[in-house]
Every structure is written in structure tokens, then in C-alpha cells.
Amino acid sequence: MTSTHQRASGADVERGPGRWLALAVLVLAVLLVAVDATVLGLATPYISEDLKPSGTQLLWIGDVYSFVIAGLLVSMGSLGDRIGRKKLLLTGAVAFGAVSVLNAYATSPELMILARALLGVAGATLMPSTLALIRNIFHDPRERSLAVGIWGAMASAGAAVGPVVGGFLLEHFWWGSVFLINLPVMAVLVLVGIKLLPESKNPAPGPWDLVSVALSLIGMIAVVYAIKEAAAHGLRWDVVVAAVIGAAALTWFVRRQLTLPAPLLDMRLFRNRGFSGAVLADLLTVLGLSGLVFFLSQFLQLVQGRRPFEAGLAELPAAVGAVGAGLIAGMVARRFSVRVVVAGGLAAVGLALAALTGLSEHTGYPLLGASLLVVGIGAGFSFTVTADVILSSVPKEQAGAASAVSETAYELGAALGIALLGSIVTGVYRDFTAPAGTPPDVASASHESLGGAVESVTALPPHEADALLAAARTAFVDGLSLAATVGAAVLLATAVAAWFLLKGQKLEESPPLTEDDAP
């Protein structure tokens with residue numbers, strides 16, 4: 001009786017306008033996660049000033065959220081397939097709101113890192129649930145492409161809203177306010193989602209394997225930690241140990257999935273060349289972009305001297321381009337081909353990043369704005385189509401697990417991008433030579449981060465402060481230019497790989513209408 005009722009209500013959502021109202025609720029969750037990711041970049045200078053983290057702690061504040069999400073997404077996607085995606089989404093939303101308060105009132109770098117990690121646990125429940133519910137609500141392929149486009153566009157809109165709203169809050173309130181904006185959005189999401197969202201899950205999921213959950217979490221975090229530390233400080237014994245533990249855990253995870261009757265992640269999904277190509281494209285694209293974007297907000301504020309709100313507005317073109325491209329990506333991919341749209345989008349992002357390699361303290365906004373617009377358009381096309389390919393490559397019962405793979409690639413790419421490209425920026429920055437006569441304590445604080453330099457020079461006479469800041473800003477820009485070069489190379493190489501991996505890949509077409517489909 002219950003299953004019959006669930007099928008009937010699911011059909012009602014699919015056929016009526018309710019599916020679009022349900023989508024509106026789902027994109028609220030996406031908007032929230034995207035806003036949270038982008039406001040941190042703007043708040044970083046204020047967090048540096050207030051909590052005084054070291055350079056390494058600052059990187060951990062920036063990327064521990066992504067580390068934890070990357071480690072838990074597959075487990076949470078599989079859990080949603082088992083207990084119900086709606087239940088997991090709404091539970092995660094409540095937790096996300098509660099932990100946002102802890103982020104807002106953190107009083108030390110260590111507490112801030114812990115709060116960001118806990119936010120990652122809550123965030124891991126949101127993203128795979130939203131995509132999996134879209135897969136189960138929208139059965140028509142063209143409608144699903146549009147829904148995925150709207151989903152991606154709202155993620156981009158969050159990237160736009162985050163800096164603007166965050167900039168406004170930072171100019172009028174303390175930095176913790178950028179996390180408290182999560183609360184009203186979460187309240188709407190939960191209250192409306194309870195009523196509008198249909199429940200869906202795998203009808204025969206099997207048990208949730210806790211050993212696989214632990215292996216996934218340990219393996220992801222250990223490998224990412226090893227890469228991050230090796231990039232920042234070179235090979236040390238703890239880095240080698242972490243790399244070995246991570247590789248062993250992930251190898252064990254894969255072997256275990258191949259033997260379980262109900263695996264956490266069906267590894268056979270990767271036999272599909274389109275699925276594997278789309279996942280790889282997502283991972284490398286975000287890797288090339290994220291480290292640069294993380295430091296761009298600091299460039300606009302600490303190097304070019306823009307106010308937080310102005311810096312937020314300056315980053316708008318990327319989001320505008322991504323929103324526009326995301327809404328038409330499915331249509332364009334059907335008109336031309338999947339590989340043309342994905343490879344072309346990635347190449348556009350790579351060329352835009354190449355244009356940013358010539359950044360200087362006095363770079364005019366037209367070049368910066370145009371580059372960001374092209375980055376947004378290219379990423380909007382690529383991400384939307386790859387998400388569609390990933391969702392349509394699997395049965396809808398496995399939508400949570402497949403969505404989690406897509407999101408894991410995204411979050412792992414973000415973590416690796418901030419770790420690797422961020423370490424390039426930090427490594428180049430720390431090598432700058434402080435002017436002769438700079439007090440040792442000021443020089444030490446200045447070498448930790450550019451935010452530390454801006455804060456520490458207030459104790460110096462004006463001419464000494466100007467000289468130290470000039471040296472620090474030049475070093476920061478040099479690091480940013482080198483990171484842009486690496487990011488451009490990664491994106492262009494990914495475009496070439498996508499061209500071959502996605503050969504012959506097509507988006508699903510809608511089946512012809514029958515009399516039963518008539519309204």
C-alpha cells in the first residue's frame with residue numbers, strides 16, 4: 001500500500017507543476033552551499049586580522065570544508081539512496097544551519113578549522129541529495145537537462161550573491177555575519193521542503209557498509225592532506241605516511257566495493273567512458289579554477305585596495321556568464337555535441353586563465369572582468385553538460401551514488417586546487433625579501449600571509465610600511481600569476497582529454513509522446 005501511494009505521489013510530482021516547485025526548494029540548498037563557499041574568500045582578510053592564523057592554518061580554514069565533504073559525499077549519497085533523499089536533505093539542512101552559528105562565533109583558528117570541518121559534514125548531505133532528487137523527479141531527458149541547468153545556474157548565482165551580500169555584511173557588521181545568512185535560507189528550505197519535496201530511495205538498497213564509509217573518509221582526507229603538505233613543505237615522513245595510508249584505504253575501498261552484494265559505490269559505473277570522462281573533466285576543471293578564485297578576492301582587496309562590497313561586485317561577471325551558459329547548455333549540446341560543448345568550455349576557461357597570468361597590482365578592470373566572464377561561460381557549459389551526462393548514465397535507483405561521485409570530483413578538485421595552487425601562491429609569497437631594518441616580528445608576521453602583512457605594518461612609520469607592503473604585494477601577485485599559468489595548463493590539457501573521452505557521447509532525447517502522456 002505504501003509503495004503504491006509513493007509511486008502515485010511521485011507521478012503527480014512528475015506530471016504536474018509540483019516538480020518545478022520542488023526544484024525551487026532544491027536549488028535553495030545549492031544556493032546556500034555556493035554562497036558559503038564564496039563568502040569565505042572575502043572574509044579571509046578579516047578572519048586573519050581577528051583570529052591571527054598562521055599561513056598553514058589559513059589554508060586549512062579555506063580547504064578543510066572541501067576535504068571533509070570530499071571524504072563523505074559518496075557515503076552520504078549512498079545513505080540517501082537507502083534512508084530517503086528527502087529525509088537526508090532536510091536533516092542535513094538543519095545541521096548546516098546550526099553549525100553555521102559555530103562558524104560565526106569561532107574565537108580561535110583551531111575552533112574555526114573544527115567548525116568548517118563540521119560544516120563539511122553537514123554540507124555532504126545536501127549536494128548529492130539535490131541532484132539525485134532531480135534525477136527522480138524529472139524523467140523527461142530534455143526537462144531534466146533544463147532542471148540540471150537551473151541547478152547549476154543557481155550554484156553560480158550563489159557564487160555571485162555570496163561576494164555581494166558578504167561584502168555588504170563585512171562593511172557593516174563583523175565577519176561572523178557572513179555565516180549567519182545561512183539561517184533564514186535554511187529555515188525556508190526545511191519548512192517548504194517538508195511539504196513540497198517527494199521522498200525517493202532505492203527500493204532494494206542493501207545494508208549501509210560502515211567499513212566502506214570509514215575507508216572512504218580516511219582515504220580521501222589522508223591523500224588530500226599528503227598532497228597539500230607536500231606542495232607546501234616538501235616530502236616529510238608524515239606526508240609519506242599519510243600518502244601510504246590514504247592510498248591503501250582507497251585501494252581497500254575499491255576492492256571491497258567489487259565484492260559487496262550492495263556496494264556503497266558501484267565501481268562498474270566507471271566502465272562507462274562518458275561517465276568516467278565527465279567525472280575527470282569536473283575534477284580537473286575545479287582543480288584549475290578553485291585555487292585561483294580563492295586568492296582572487298584577496299588580490300582585489302589587499303592588492304588593489306577595493307572594499308569588500310566592491311570586490312564582490314567585481315567578481316559578478318563569472319557568475320553571470322555561468323548562469324547564462326548553464327540555462328542553454330543542454331540545448332547547445334543536443335544541437336552540436338557533448339564533446340564540442342565540454343571541450344570548448346574547458347578550452348575557453350583555460351585561455352581566460354592564461355590571460356590572467358599577466359596580472360599586476362595596476363591591472364585594469366576591463367581585462368579582469370572580461371576574463372571572469374569567459375571563465376563563467378566556459379565553466380557553465382562544461383559543468384552543466386557533465387552533470388547531465390553523469391545523471392543519465394545510471395539507473396535512477398543509483399542516482400544518489402552517481403550524484404555523489406560528481407560532487408566528490410567537484411569538492412576534491414576544489415580541495416586539491418586550493419592546496420596545490422594555493423601552495424604555489426604561498427610558496428612564492430613567503431620568499432619575498434623584507435626591506436632592510438624591518439623589525440623581526442613584523443617581518444615574520446608579514447611572511448605568514450598578505451593579510452598578516454597588512455595588519456603588521458600599522459606599527460611601522462609610513463615610508464617603511466609602504467616599502468614592506470609593496471614588496472609583499474609584488475610577491476603575492478607573482479605567486480598568483482604562476483598559479484594562473486598552472487591552472488591554464490591544467491584546463492587546456494583537460495579540454496584535450498575531454499575531446500577524446502567524450503567522443504560519441506550524447507544527451508538523452510525525450511521519447512515520443514503517447515496518448516497516455518497527454519494532459
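Numbers here are sequence positions counted from 1.
Listed here is the closest heavy atom pair of V374 and A348: CG1-O, 3.5 Å. Taking all atoms of both residues into account, the shortest heavy-atom contact from A352 to V375 is CB-CG2, 3.5 Å. Nearest heavy-atom pair across A93 and V190 is CB-CG2, 3.8 Å. The two residues S371 and A355 come nearest to each other via the heavy atoms OG-CB, 3.9 Å. Residue A278 comes nearest to L502 through the heavy atom pair N-CD2, 4.1 Å, listed as atom of the first residue, atom of the second, then distance. Taking both residues in full, the closest heavy atoms of A333 and V385 are given as CB-CG2, 4.0 Å, listed atom of the first, atom of the second, then distance.
Using a 4.5 Å heavy-atom threshold, the side chains of L90 and I194 count as touching. No side-chain heavy atom of L250 sits less than 4.5 Å from a side-chain heavy atom of L215. The shortest side-chain heavy-atom distance between N103 and R116 falls under the 4.5 Å cut-off. You'll find the side chain of V340 reaches within 4.5 Å of the side chain of W499, heavy atoms only. In this structure the side chain of L72 reaches within 4.5 angstrom of the side chain of V121, judged on heavy atoms. Between F96 and L119, the closest side-chain pair of non-hydrogen atoms falls below 4.5 Å.
Residues that satisfy the side chain to side chain contact (heavy atoms under 4.5 Å, CB included) test with S75, not counting sequence neighbours, are W208, V213, S216, L264. Applying the salt bridge (charged side-chain N to carboxylate O under 4.0 Å, His left out) criterion to R339, with sequence neighbours excluded, gives no partner residue. With sequence neighbours left out, the ring-ring contact (aromatic ring centres under 6.0 Å, His included) criterion links F270 to F275. Looking at residues two or more places apart in sequence or on another chain, you find a side chain to side chain contact (heavy atoms under 4.5 Å, CB included) between L491 and T285, L346, V349, L353. Every residue meeting the side-chain hydrogen bond (donor to acceptor under 3.5 Å, both in side chains) condition with S100, not counting sequence neighbours, appears here in chain and number order: N182.
Here the CG-CG distance, from L368 to L373, works out to 11.5 Å after rounding to the nearest 0.5 Å. Expressed to the nearest 0.5 Å, how far OG1 of T91 lies from CD1 of I83 amounts to 6.5 Å. In this structure, L217 CG and F253 CZ are separated by 11.0 Å, a value rounded to the nearest 0.5 Å. A distance of 5.0 Å separates CD1 of I150 from CH2 of W20, quoted to the nearest 0.5 Å. Considering CG of L480 and CG of L356, their distance stands at 8.0 Å, rounded to 0.5 Å. One distance of note links NZ of K86 with CG of L26; it measures 11.0 Å at 0.5 Å rounding.
For F500, the CZ atom counts as loosely surrounded, since its 6.0 Å shell holds 12 or fewer non-hydrogen atoms of other residues, nucleotides or ligands.
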For this session: Evaluate the side-chain contact (heavy atoms from CB on, under 4.5 Å) criterion for residues L89 and L126: first the C-alpha distance (whole Å), next the side-chain angles of each, then the deciding distance (0.1 Å), finally the verdict.
Result: CA-CA 5 Å; L89 177 70; L126 299 178; 3.7 Å; yes
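Judged by distance alone, with hydrogens and angles left aside, the side-chain atoms of Q304 form a donor-acceptor pair with the main-chain N or O of T363 at under 3.5 Å. At distances below 3.5 Å, at least one donor-acceptor pair connects side-chain atoms of T357 with backbone N or O atoms of A354.
Applying the side chain to side chain donor-acceptor pair (under 3.5 Å) test to pairs two or more places apart or on separate chains, those with a residue in residues 373-387 are D282-T386.
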